[in-house]
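Sequence lines set the chain letters: A, B, ... in the order given, protein chains first and strands last, and positions in each chain run from 1.
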Amino acid sequence: MAKLSYAFYQDLDVNSLAKQLLGKQLFTNIEGVITGGVIVETEAYAGVEDKASHAYGGRLTDRTKTMYLAGGVSYVYLCYGIHHLFNVVSGPLNTPHAVLIRGLEPTIGLEEMLQRRGMPVLKPNLTAGPGALSKAMGIDRALNGQDLLGEQIWIEDGPLIPDERIAAVPRVGVGYAAEHALLPWRYYIKGNRFVSKPNR
DNA sequence: GAGTAGATCGGCT
DNA sequence: GCCGATCTACTCG
């Protein structure tokens with residue numbers, strides 16, 4: 001499959017993009033070790049107008065400046081001082097939209113992923129949840145700002161998931177975002193085992 | 001099986 | 001200082 005183009009990532013409608021990313025394949029190549037899987041859960045973060053976004057109100061710091069790059073790069077940051085969360089930067093330059101990847105169905109490099117997580121056998125929670133999948137894929141801040149058409153981390157095209165197989169629900173862990181917490185900007189493939197906790 | 005504490009970095013109020 | 005786009009382990013029922 002071909003890698004997704006910059007035009008795909010620079011779509012102004014971050015919600016449409018979050019939905020389209022379902023079914024696509026995410027890969028990493030960490031020091032020659034390739035792992036990958038199918039994206040089954042995403043969340044949209046709509047730049048400066050979204051209270052739940054790090055870029056709300058135009059906030060610009062060393063951490064968030066990656067989000068202002070033109071769509072088609074990765075945004076990796078540390079959450080709760082422990083977990084690396086992986087986002088796809090989208091929209092054109094200076095439009096800090098991003099899509100958080102929350103769930104992945106592993107396909108390539110199963111052994112490596114199990115080893116990185118210290119798990120003896122494959123269970124859905126290997127890659128269900130943003131912190132978990134980053135660890136399994138070997139994603140850390142070294143990958144922040146990397147080109148998604150590059151050699152270390154990339155996304156390949158995949159089947160389009162029909163609307164009736166996609167669920168849209170409120171986002172997770174953003175209760176502080178007031179009225180924006182209720183927006184149904186979390187998307188996942190119905191019934192998939194690698195969707196993170198609440199729901200399925 | 002559900003609820004809670006702890007780990008621990010960056011960026012605010 | 002406090003709290004966050006989280007996960008795991010451990011407690012209690």
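As a whole-Å value, the separation of D62(A) CG from dC12(B) C1' is 15 Å. In this entry the distance linking CD of E41(A) with C1' of dT6(C) reads 13 Å, nearest Å. Between the P atom of dT6(C) and the CD1 atom of I139(A) lies a distance of 16 Å, rounded to the nearest Å. Atom OH of Y56(A) and atom C1' of dG11(B) are 17 Å apart (whole Å). Here dC9(B) presents its P atom at 16 Å from CG of L85(A), a figure rounded to the nearest Å. Atom NZ of K51(A) is separated from atom P of dC3(C) by 18 Å (rounded to the nearest Å). Atom pair N87(A):CG and dT6(C):C1' shows a separation of 13 Å (rounding to whole Å applied). Spacing between atom CG of L133(A) and atom P of dT6(C) amounts to 12 Å, rounded to whole angstrom units.
Distances were taken from every side-chain heavy atom of R141(A) (C-beta onward) to each of dG10(B), dT6(C), dC7(C); the shortest belongs to dG10(B). Closest contact between the side chain of C79(A) and the listed nucleotides dC9(B), dC7(C), dT6(C) involves dT6(C). Among the nucleotides dA7(B), dC12(B), dT6(C), the one closest to the side chain of I82(A) is dA7(B). Closest to the side chain of Y80(A), from the set dC9(B), dT6(C), dG11(B), is dT6(C).
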Could you provide the dot-bracket string of DNA chain C, using ( ) for intrastrand pairs, [ ] for crossing pairs and | for bases paired to another strand, with Watson-Crick or G-U pairs below 3.5 Å? ||||.|||||||.
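Between A44(A) and R171(A) the shortest heavy-atom distance is O-NH1, 2.8 Å.
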Mind listing the side-chain donor-acceptor pairs of residues 125-138 of chain A below 3.5 Å, one per line with the distance, residues two or more places apart or on another chain?
residue, atom, partner, partner atom, Å
T127(A), OG1, L104(A), O, 2.5
S134(A), OG, H84(A), O, 2.7
S134(A), OG, P130(A), O, 3.0

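Aromatic ring centres of Y6(A) and F8(A) lie farther apart than the 6.0 Å criterion allows.
A donor-acceptor contact shorter than 3.5 Å links the side chain of E41(A) to the backbone of S196(A).
Relative orientation of the F27(A) and W154(A) rings is parallel, given thresholds of 30° and 60° on the angle between their planes.
Phosphate contact (OP1/OP2 of dC12(B), side-chain N/O of R59(A), threshold under 4.0 Å): present. The phosphate of dC12(B) (OP1 or OP2) has no side-chain N or O of R63(A) nearer than 4.0 angstrom.
The cationic atom of R102(A) (NZ for Lys, CZ for Arg) does not lie both less than 6.0 Å from the six-membered ring centre of Y187(A) and within 45° of the ring axis.
Using modelled atom types, one finds a donor on one side chain and an acceptor on the other under 3.5 Å when comparing Q152(A) with Q146(A).
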